[in-house]
Amino acid sequence: MPKDTGIGAAPKRREDVRFLTGTGQYSDDISLVNQASAVFARSNVANGVIKSIDTTAAAAMPGVLAIFTGEDFVEVGGNPAGWLINSRDGEPMKEPKRPVLAHGKVRHVGDAYAAVIAETVEQAKDAVEAIEADIEELPAVINMKDALAGSNYVHDEIETNQCFDWGWIEDNRAATDEAIKNAHHVTTLDLVNNRLVPNAMEPRCSMANYNAAMNEYTLYTTSQNPHLTRLLISAFVLGIPENKLTVIAPDVGGGFGSKIYHYGEEALVLAAAKKLKRPVKWTSDRTEAFLTDAHGRDHVTTIELAMDKEGNFLAFRTETMANVGAYLSNFSTATPTFLHGTLMAGNYTVPLVYVNVKAVFTNTAPVDAYRGAGRPEATYSIERVIDKAAREIGMDPIELRRKNFVKPDQYPFGSAAGLEYDSGNYDALMDKMEDVADLAGFDARRAASEAKGLLRGRGVNAYIEACGIAPSNLVGILGSRVGLYDASTVRVNATGNISVMVGAHSHGQGHETAFPQIVAELLGVDAASVDIVHGDTSKIPFGMGTYGSRSLAVCGSAIVRATEKIIVKAKKIAAHMLEITDSEVEFNDGVFSAVGTNKTVSFGDVALKAYIPHDFPIDAIEPGLEETAFYDPANFTYPSGAYCCEVEVDPETGKVTVERMTAVDDFGNIVNPMIVTGQVHGGLGQGIGQALLENTVYDETGQLLNASYMDYTMPRADDLPFYAVDHSQGTACTHNPLGVKGCGEAGAIGSPPTVVNAVIDALQSGGNNVTHIDMPVSPLNVWTAIQNA
Amino acid sequence: MTKVTMTVNGKAVSGTVEGRTLLTSFLREDLHLTGTHVGCDTSQCGACVVHVNGKAVKSCTMFAIEADGAEVSTIEGQANEDGSLNAIQAAFQEHHGLQCGFCTPGMVMTAASLLKENPKPTVDEVRNHLEGNLCRCTGYHNIIKAIMAASGQDVSAIAAE
Amino acid sequence: MYELEIERPTTVADAVSALGGEAQLLGGGQTLIPTLKQRLADPEKLVSLSGIADMQGISASGDTVEIGGGTIHADVAADGTYAALSELASHIGDPAVRNRGTIGGSIANNDPAACYPAAALGSGATIVTNKREIAADDFFQGLFETALAEGEIVTAVKFPMPQQAKYIKFVQPASRFALVGVFVAKFADGVRVAVTGASNDGVYRWSEAEAALSADFSASALEGLTVSSDDMVTDLHGSAEYRAHLVKVMTARAVNAA
C-alpha cells in the first residue's frame, strides 16, 4: 500500500494554494523598480524587403528611451535549430539565420523589425506608430505545394523554399514500394493535420535586468526550460557568458510546447536592459501571441496502407509536407521527422514503413512542437487510414487493429520504423476500453439519438508515443545538437528538511507535489518536509526542461539517482554513528539500523550529524548531505492507449457533439494518479479542440485571418464532455528506475483520430457516403461534406 | 488624471488614473493585486474577472473611472478570514480543478457569482456559465466537478480519481 | 489605447451636452473597449451612460415592455416579462459581459451578428431616443449603420409583446455571436421574422417566411421556401450557402419552439 504521501498516493497539490489565492508570481506579475517597457514594431506584410526604417520622429517622442532595429543585431548570432536533419541525398538541411530583429526582409506578419523602449507601454506604442518603415511588399509564400514549385522565396538563398527532403527508413523505400504495388488491398487517404496555435492562457512575457557593477544579467521569462534558453542566448545569440546570465522562469501559465523555445524578445530585453541600465519588460498581448508564438502541426499528408487478403498489414507509406513557417524554431526540424516518422509503425507488427517528409518554408509564423509534437500527426495518419481500410474491406475496426497489434510476448519489439518498444499490452488496453466505454450499450444509444433526429457514431483508436525524451546517444546520431538528459540535486538540510533542485519546469504539471512523493518514498520521510526548487538557473544544477512527457521519466529518474546517492552517503554516516561497517547498515522507512541488533539512528539524526561532523573520520566521510545526479535515459518510453469517442451529429446543421470520450492509457507506474488523470483530461480537451474546433488560417497574402478569440475557436466548457479515464492497465517501463512512461501528451495524441472516426461513422450510419473530413470537423465542414456526398 | 476611490476587498483605496486606465491595470499596477490576470484583448478569456458591486465583470473591459465609488472584490479577497481557502477554492484544490493556475482566479470569481445566483446549478448550467472563461489545461472536467462540489452536490458519479 | 477622457453624466441632458467634437458614447463598453485597446478608434472623450439612472430599468404596460437603453443584458435576462426577449438576452456574450453590456449600446452599434437587433426588428419594436421615436423597420440601415443622428442617444426600446415568439441562434463557434440567428414573433395581425448574422446587409426581415407563417404558423409552412445565398456572408465559419441553409433551419426551429 502506498503511504499517504509516497509513490501512488494522490495528495492534493501544494502549489494550488497560491494560485487559488491570487498570490502566484507569473512573469508579468513581477515588476522591478525603474522598469521600462518594450513594444515591438511588427510587420503587417508577410513577405517584404525592408528598404528603410526611420526612427527619428519616434525617438523624439515623450518617454522614449531607446529604439532598436535589426541593424543593432547584425553583429550577434541567430537563434538556431536544435536538430540537424539531412535530406535523402545526404545534403544538410537549409538553415537560414533567425535574427533577434528582422534585417533586410520581413518574413511573416508579426515579424518584429524594431523595438521601442519607453517609460510606459502606451508611450512605446505611440512611438512604434511613429516609426517610418518603408517595406516593399513581395508576393507571399503560403501554400506549401506552391512554395515547393517556387517562384517566390521566403529566404532569397533558398530557391525551392525546401528546408529538407527526409526519408525514413530510406533503406526500406524500395521494399515498401514493392509491397504496396503487390498488395491485395491498398487504402489511400489524403489528409491535413490542421495548424494550431498553442494558446497557453498566459501570454509570453520577458523582463531583463542588468547589474552593471557585477556585469550580470537576469532574465525573467515565460519558459518551459530556462537552462536551454540560457544556453541558446549564451552560445548562439548574444554571447553573454552562461555564468553571467541567470534565467528565471517563475510561475508559468501553461506552455504546451510554445514556451520551450528561445524567442527574439528575450534577447531584445536583455540588450535593452544593458544599454539603458534599467529593467526592461515586454508582455505579449493575445494578438501578438497568435502572430508570433510557435504554431503546431500543419502537415499535408498522403498515407497508404497495404494489406493482404486477411487484413494483415504489409506496409505504411507516407508522403508529408510539413510547414516550418518563416524561420526554424528550436525543435522545428525534429518534430516532423524523428518525432513523427519513427512512430509510423503505430502499435502494429507491420514489417515495412516508409515516410517521406518535405519541410517547407512559408511566410507564416514558425511552426514547432505543440502538445504531442509529431506523434499526434503520426497517430492521426495511421489511425485514420486504418479506419478507412476497415470500412473498405468490411472488417470491424477493432478487430482489424487487434489482428495487427504487437502482442505482449513480443517485447522488446523492434518496430518497422526503427524504435525498440520495451513494454506494453495493447489488447489489454482495448479490452479495458471496450468495458469502460460500454461498447455493448452503443446500439441502444444510437437508437436513442436517431429518435431525436441525430446521427450517432463511434470511433476507436490505438496509439503509441515515444516519450521521456530522450537518450542522448541515440538523438545525437539522429541529429540533435543537445543532450536530452536531466539533472537533480537533493540537499538534506541539517534540520532534516530537504530541498530538491530539478531541471524540469512545472507550469501546470504539479511537480511541486509529485516529485516530493518520490523522495518521500525512497527516504521514508514525510513528503511535506521535501520542497522542489525549479525554474531558476542560479539555483538548480542543470536541466533540459519540460516537454515531450519527459519530466517524470527523465528528471524523476534523476531525482531517484540523486536520492540513492544520499542513501549511500547517509549509510556511511549512520555506520559511523552506530560504530559498525557500511555494509552492516540497513535502511528502511527512514531508520538506519545495525543488522541483527536493535541499534538504530533516524534519518533526522543522520542529517544533523552530517553537518556537525566533529568526530568524522575526515578521510572517509565528507561533511554535508547533498548529492547531484544527471540521468540520461536508455531508451524512449512508450505510453500507449485505446480510446473511444461517441458523437452525435445534427445532419441539418452539421454540428457535432462529443457525447462520450473514453481514454484507457498505459503510463507504466503511476506516482500521483490525480495529477495523471488531470493531464489526460487536458490532453483530451486539446485533442478534441483540434478535431472539432481549432484551425489557423492564413489568406493568400499571408494575413492570419483568425488572430483572436473572436475567430480562433478555443474549446470552452460547453464544447466538451466529461471524460472516462483509466490507467489500470499499466505495464512498467523496463529501463527507468520508476517504471514510468509519461502522460502529458497522450490525450492530445489519442483523441483527434478517435473523434473524426466517430464522425465518419455517424455520417455513414445516416447513409452519407463520406469517407473523410479534414479537421476541424466543424459544423460548416460537416454540412459541406454531407452536401458533397 | 482623475482621482478614483473605491473599496477593494473591504479596504478603502484611492489612486490617480488616466481616462484610459482599465480597472485591471488599476488593480494590478497601482494596487499590486496581481492575482487578476490578463489573457486576451477581446474580452473573452475571463482571467480578469472580478466582482464590481457584487456582479462578475471583466476588469479588462471596464475603465477604472467607472468603478469609482464601487465595491470591488478580487481573488485576493476570497479566502476565509483566517486565511484558509473558502469553499470554492477548497473544492478546486480537492478536485484538481486547476493546473497552471493562470485562469484560476477568473474561474473562482465566476463560480462565486454563479453560486450566489444559483446555489444548486446543474452540470449544464455550470458549463454554460463558464462560457466566458477559457482554460487550456484541464479540459474543464475537474473545474465543473469542483464547482458542483462547492455547491454541496454529490459529485461521486463524475468520473475521476 | 490612445489617451482619452471620460465623463460620467447622471442625466440624459448632461450626456447630450457632453457630446460634441471627437466625443463618443460609452454604453457597457463590451465592444467599444476592445476596439479602443486595438487602437482602432481615437475618440478624445467618452461620455459614459452607465451613471444615468433614468436609462435603466424595465417596465411593462399592457402589451408593451419598455427597456431603458442603459439596462444591462443580465437584467433583461432575469426579467422574464417578454420571455423570448429575456431568453435571447441570457445568451448574449457570457455572464460577465451581460453584467456590463447594455441594450442601448447593442442596438446603436448594430453589429451584423448581434442578437438584440433581431429581437427589435422581429418584434417591431420602437427605438426611443432623446429626440424622437424610431420604428425598428426604419432604424437598422445596414452593417453598423442606424438612423441615429449625431448626438442622439438610445434612451429606451419599446417592445410590443407578441402572442408567441422565439429566438434561435446558431453560434459562430469562436465568438459565440450569431452565425445565423432568427427571431420569430407571432402577433394577432401577422408574423414577423428577423434574421441576424447572415446577410451582408445586416439584420433583415425574411418577408416570404413572414407571409407563409402568417397564413400557417408551423414549420411545415416553410417547406416550399428557398433562401438565396446571393447576399449572404461568407467567412471562416460559414459559406453563403451554409448561412442561407441555416436561415431556413433556424426559422423552422424557432417556429417549433415558439
Side-chain angles (χ1 to χ4, degrees), chain B residues 1-4 17-25 36 38 40-70 105-107 109-118 121 125-134, chain C residues 1-10 22-24 26-52 70 72-75 77-78 87 90-102 105 169 171-177:
Chain B
M1 301 288 274
T2 306
K3 187 174 179 204
V4 293
V17 299
E18 294 184 320
R20 63 184 167 182
T21 303
L22 297 166
L23 178 56
T24 192
S25 314
T36 298
V38 179
C40 77
D41 327 321
T42 50
S43 198
Q44 280 163 316
C45 81
C48 67
V49 169
V50 302
H51 296 174
V52 174
N53 294 329
K55 288 185 169 148
V57 303
K58 290 184 165 169
S59 61
C60 79
T61 314
M62 178 173 180
F63 291 108
I65 286 173
E66 292 206 284
D68 189 30
M107 289 289 178
M109 298 308 289
T110 299
S113 70
L114 166 65
L115 296 185
K116 198 168 104 184
E117 57 190 68
N118 184 0
E125 285 170 341
V126 175
R127 289 191 184 276
N128 290 334
H129 202 86
L130 294 179
E131 189 170 7
N133 291 80
L134 297 177
Chain C
M1 197 179 301
Y2 296 109
E3 269 190 82
L4 49 78
E5 51 176 303
I6 296 179
E7 279 201 46
R8 302 183 73 205
T10 54
E22 292 294 304
Q24 199 172 336
L26 172 66
Q30 303 302 286
T31 300
L32 181 57
I33 293 175
T35 307
L36 295 170
K37 280 199 266 188
Q38 306 273 8
R39 294 187 162 214
L40 297 174
D42 186 13
E44 275 172 18
K45 180 162 77 174
L46 296 178
V47 178
S48 167
L49 301 175
S50 62
I52 303 174
I72 58 173
H73 308 327
D75 287 347
E87 201 198 338
S90 75
H91 293 288
I92 298 174
D94 59 58
V97 166
R98 293 195 284 275
N99 281 333
R100 292 292 300 165
T102 64
K169 168 165 68 167
V171 298
Q172 192 263 50
S175 71
R176 304 293 182 93
F177 275 71

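Each chain gets a letter, A, B and so on, in the order the sequences are listed, and its residues count up from 1.
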To the nearest 0.5 Å, tell me how far [X] [atom1] sits from [Y] [atom2].
X	Y	atom1	atom2	result
Arg100(C)	Lys58(B)	CZ	NZ	13.5 Å
Asp94(C)	Ser43(B)	CG	OG	6.5 Å
Asp75(C)	Lys55(B)	CG	NZ	4.5 Å
Phe63(B)	Arg8(C)	CZ	CZ	11.5 Å
Met62(B)	Leu26(C)	CE	CG	10.0 Å

As a quick check of understanding, evaluate side-chain contact (heavy atoms from CB on, under 4.5 Å) for Leu36(C) and Arg20(B), giving each step before the final call. CA-CA 9 Å; Leu36(C) 295 170; Arg20(B) 63 184 167 182; over 6 Å; no

Determine, step by step, whether His91(C) and Asn128(B) satisfy the side-chain contact (heavy atoms from CB on, under 4.5 Å) criterion, reporting the C-alpha distance in whole Å, the side-chain angles of both residues, the deciding distance to 0.1 Å, and the verdict. CA-CA 9 Å; His91(C) 293 288; Asn128(B) 290 334; 5.6 Å; no

Can you list the steps and then say if Lys37(C) with Thr42(B) is a side-chain contact (heavy atoms from CB on, under 4.5 Å)? CA-CA 9 Å; Lys37(C) 280 199 266 188; Thr42(B) 50; over 6 Å; no

Heavy-atom pair count under 4.5 Å with chain C, highest-scoring of Met109(B), Glu66(B), Gln44(B):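 Top option by heavy-atom pairs under 4.5 Å: Glu66(B).
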
With sequence neighbours left out, what residues match Asp42(C) under side-chain contact (heavy atoms from CB on, under 4.5 Å)?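 Applying side-chain contact (heavy atoms from CB on, under 4.5 Å) to Asp42(C) gives Tyr2(C).
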
Chain C contact via Asp68(B) - which portion, at a heavy-atom distance below 4.5 Å: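 For Asp68(B), the contact with chain C is made by backbone and side chain together.
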
Considering only heavy atoms, which portion of Leu130(B) lies under 4.5 Å from any heavy atom of chain C: side chain, backbone, both, or neither?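 For Leu130(B), there is no contact with chain C at all, as no heavy atom is under 4.5 Å.
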
Looking only at atom types and distance, does a side-chain atom of Gln30(C) sit under 3.5 Å from a main-chain N or O of Thr61(B), one as donor and one as acceptor?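 Looks like yes, one N/O pair under 3.5 Å.
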
Between Thr35(C) and chain B, with a heavy-atom cut-off of 4.5 Å, which part of the residue counts as in contact: side chain, backbone, both or neither?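 Neither part.
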
In terms of heavy-atom proximity below 4.5 Å to chain B, should Ile72(C) be classed as side chain, backbone, both, or neither?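 For Ile72(C), the side chain is the part near chain B, not the backbone.
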
Determine the minimum heavy-atom distance between Ile33(C) and Cys60(B), stating which atoms define it.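 So the minimum-distance heavy-atom pair works out to CG2-O, 4.0 Å.
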
